[in-house]
Protein chains: 2
Amino acid sequence: MARKPTVYDVAREADVSIATVSRVLRTPERVRPETRQTVLKAINLLGYLPSGSARSLAARRTNTIGLFLPNIDQLDQIGDFELVSEDAADIVVDPPHAQENNSDSLYFDEVLRGCELESWRQGLSLMVSIGLKGKDGDIPQLINSMSEKVDGLIVLARSVPDSVLAFLRKRLPVVMIANAPVNQESEFDLVRVSNRKGMYTLVRHLFEKHQVRQMAYMTGMDDSPDNGKRYEGFCEGLKSEGLEPSAAPIYRGQFSQSVAYQIAASLARQGTLPQALVCANDQMALGVLRALSDAGISVPDQVIVTGFDGIKEASVSQPRLTTVRQPMVDLGRAAVSTLVRRLGSPECPPISTELPVQVQLRESCEGTMV
Amino acid sequence: MARKPTVYDVAREADVSIATVSRVLRTPERVRPETRQTVLKAINLLGYLPSGSARSLAARRTNTIGLFLPNIDQLDQIGDFELVSEDAADIVVDPPHAQENNSDSLYFDEVLRGCELESWRQGLSLMVSIGLKGKDGDIPQLINSMSEKVDGLIVLARSVPDSVLAFLRKRLPVVMIANAPVNQESEFDLVRVSNRKGMYTLVRHLFEKHQVRQMAYMTGMDDSPDNGKRYEGFCEGLKSEGLEPSAAPIYRGQFSQSVAYQIAASLARQGTLPQALVCANDQMALGVLRALSDAGISVPDQVIVTGFDGIKEASVSQPRLTTVRQPMVDLGRAAVSTLVRRLGSPECPPISTELPVQVQLRESCEGTMV
DNA sequence: CATTTTAATGTAAGCGCATACACTAGAAAG
DNA sequence: CTTTCTAGTGTATGCGCTTACATTAAAATG
């Protein structure tokens, strides 16, 4: 690879000025067709590729947006990677449930897909990075190194410490997905789903179609607005039926299969299971399904179980899980869309969007379906 | 947001030269500690964030690498996205098998994860884009817009037309994942898995532990080296047992569940099922499982079925699928790792790495496991 | 045919940084 | 006390573009 050709090389080759070369690329309609052809020929001949850095610098915009995803698992635990070609293929026996899969990542992947898709359509480049929860003090190097290079940021809730967000917000538009940093809501654009409405609709369904009179709620420790709304929806559902929310038991654990498993198992032992166990997310619901199955309790005949999120596993579990599906891909697309609007009008008030969800009825409440 | 502060602002504030400001950021050890403090204070005060564009331009490198993923489905079919907040939550009944899921994308997501991870560790930014198969003629705008901004590229096989790759290769290091463009192998660094060895090991297992004497191979139309190697491994396995590869039937369809379903269904009707049906990928194998289940044929008692890839669905199917797991995340990591090496030594000969795979034994060959 | 308008191109000034080189003052060496 | 180094800092140039402005030629207008 010889030295990369620049505008100057192209200009010389085509015997025009560098301004004309630039115009051929940016505003072709402003240059005479014959000239354009000459220049394009030179570009092809030299294999010229403009420098993004120079362009961004001169144009004062990068046409790139950044996306922060939450930390996956324990990044710290991930060691160096060695490039060694091994020679044998292992054989391992893979027992069922071997993997307590952290399939939250799937959630992120879908959001990412949406961002990818929409930025592609908008002609923007997308930069992706893993957020660091780390200590809040100094802005972590990596968050910085990305922020330098983009016009705006999209941040999934809980990927980046609030304090860091506050700092970044001073220099860049930031669109939050799911939740804005507490006490700074008015500073950020926000895209989220209608958690309250989704849960409400689900609860109404349980009343109307299944004559459930008694339900319990299972959730994690997280008190994010995002999550709080789901509980609100639950309570409203109860009230709409003339029931007192405080009468419905609420079980708090963690948003994981294993913890939910334990809770459900102990409820089963004590014989204190409700008619319907409404879970704040799918992971918990899946744990519950396993626990009830192990305890010999039939779902949905004896107990109805519901989840929230619409992760892939929920559609292949035994029985398949009734859940409220979040439009993850659309979340990503909406975030990009919002960011683009924001870049267009930096001064307009915060944009907040709530995307509709979809209650998906499956066997964990409906009984056998074909 | 007022005008963004620059080195000049910081320099004035700290009463030093811009060179010193730059040094504080790049080579802190070369500036007196007191000066450093003053400058850092100014940086914080102003909320200064260096410009990536300017930096990259001056330093002649972006510290960013690009990743091209294959087109998902029909991008063309994806319409405009409207930012409307709807008010209701839909309720839909979700029948089983509603989704002929394009879970290849999961494969990409894992590779992406690996790239993310490793570039994070290497202190590089990662830019992600969807490749365009499109017409080969002119380099699509989007591939261009990304290539301008990165130091090197990682490309999943079949994301970008070979001709475009040939063009890009002239200007940038390009690391291929899975397959290099035909006839240009020697131009690209390559990271792939040991397909041949994996398939061979799997076939050996079927011979040794299951006394299978008669197997058939099912594959798609793709004749990529990547895929060809799997068949090679299959043949070698047969030969190692003294069998003639040509004696084993080979069924060609497409790498999809639905096509595989049809093939297997018709084999079942004709009563020409082999003892073991070795599939070139998991999607096909899953289709086969469904077909056999519908035909009332028991797996693995009557027919053994195996896949290749290790996608998530394969671990939750009924029965769970024996397969050869590709280390997708490691593929991504290895690709980044390779690219970094390449950037370090542009002139060294092509780097080709083969990562080991893992045969995962599950119920589709082993019978009931706990 | 002189004058105004328009289209096409060129000239030149940055964009915000990194860095080679120059410079200074004090420390080390003689 | 002079000379040589060295550490710390500043000066100035250029990275490869975009774009405001100037310039010129051709077309439109009266």
Side-chain angles (χ1 to χ4, degrees), chain A residues 1-40 42-43 46-64 125 144-145 147-151 171-172, chain B residues 2-40 42-43 46-64 144-145 147-151 171-172:
Chain A
M1 273 178 298
R3 198 179 56 81
K4 302 189 181 183
T6 71
V7 257
Y8 295 97
D9 301 313
V10 176
R12 194 176 328 113
E13 179 71 30
D15 197 32
V16 296
S17 73
I18 60 165
T20 299
V21 176
S22 180
R23 279 191 280 259
V24 167
L25 260 19
R26 303 304 144 220
T27 51
E29 71 282 0
R30 283 212 254 159
V31 24
R32 197 156 43 96
E34 302 94 81
T35 317
R36 200 187 307 158
Q37 287 315 314
T38 318
V39 172
L40 287 176
I43 288 180
L46 299 179
Y48 167 69
L49 204 59
S51 148
S53 316
R55 177 121 73 105
S56 302
L57 180 57
R60 260 159 280 242
R61 56 178 307 184
T62 62
N63 279 313
T64 302
S125 302
N144 236 318
S145 77
S147 310
E148 291 176 350
K149 299 173 188 161
V150 301
D151 293 332
R171 318 258 76 260
L172 294 169
Chain B
R3 197 180 56 80
K4 303 188 179 181
T6 70
V7 257
Y8 296 97
D9 301 312
V10 176
R12 194 176 326 115
E13 179 71 30
D15 198 32
V16 296
S17 74
I18 61 163
T20 299
V21 176
S22 181
R23 282 189 202 106
V24 167
L25 261 18
R26 303 304 144 220
T27 51
E29 71 283 1
R30 284 213 253 159
V31 30
R32 196 154 43 93
E34 302 95 81
T35 317
R36 201 186 307 157
Q37 287 316 312
T38 318
V39 173
L40 286 176
I43 288 179
L46 299 179
Y48 167 71
L49 204 59
S51 149
S53 317
R55 178 121 75 104
S56 303
L57 180 57
R60 262 159 280 243
R61 57 179 305 186
T62 63
N63 279 313
T64 303
N144 236 317
S145 78
S147 310
E148 292 176 351
K149 298 173 188 160
V150 302
D151 293 332
R171 319 259 72 258
L172 294 169

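In the text below, chain A, chain B and the rest are named by the order of the sequence lines, each starting its count at 1. FYI, side chains are in, hydrogens and waters are out, and symmetry mates aren't considered; it's all heavy atoms of this structure. Note that the coordinates shown come from a computational prediction; the quantities given were computed from them, not determined experimentally.
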- Message: Once hydrogens and angles are ignored, does a donor-acceptor distance under 3.5 Å link the base of dG16(D) to the side chain of Arg60(B)?
- Response: no

- CZ/Arg30(B): more than 12 non-hydrogen atoms of other groups inside 6.0 Å: no

- Nearest to side-chain heavy atoms of Tyr48(B), which nucleotide of dA18(C), dA8(C), dC17(C): dC17(C)

- CG of Asp15(B) versus P of dT9(D): gap in Å, rounded? 12 Å

- Message: Let's see if you can work this out: which of dC17(C), dT18(D), dT11(C) has an atom nearest to the side-chain heavy atoms of Ala58(A)?
- Response: dT18(D)

- Task: Hey, which sits more toward the 5' end of DNA chain D by its nearest nucleotide, Pro33(B) or Tyr8(A)?
- Result: Pro33(B)

- Between dA20(D), dT18(D), dC17(C), which nucleotide gets closest to the side-chain atoms of Ala59(A)? dT18(D)

- Do any N or O atoms from the side chain of Arg61(B) and from the backbone of Asp151(B) form a donor-acceptor pair under 3.5 angstrom? no

- Query: Between dA18(C), dG16(D), dT18(D), which nucleotide gets closest to the side-chain atoms of Arg26(B)?
  - Reply: dA18(C)

- Query: With respect to the side chain of Ser51(A), which nucleotide from dG16(D), dG16(C), dG10(D) is positioned closest?
  - Reply: dG16(D)

- Take atom CD of Glu148(A) and atom P of dG16(C), then tell me their distance rounded to the nearest Å. 14 Å

- Looking only at heavy atoms, the pair that brings Leu25(B) and Pro50(B) closest together is CD2-CG, 4.1 Å

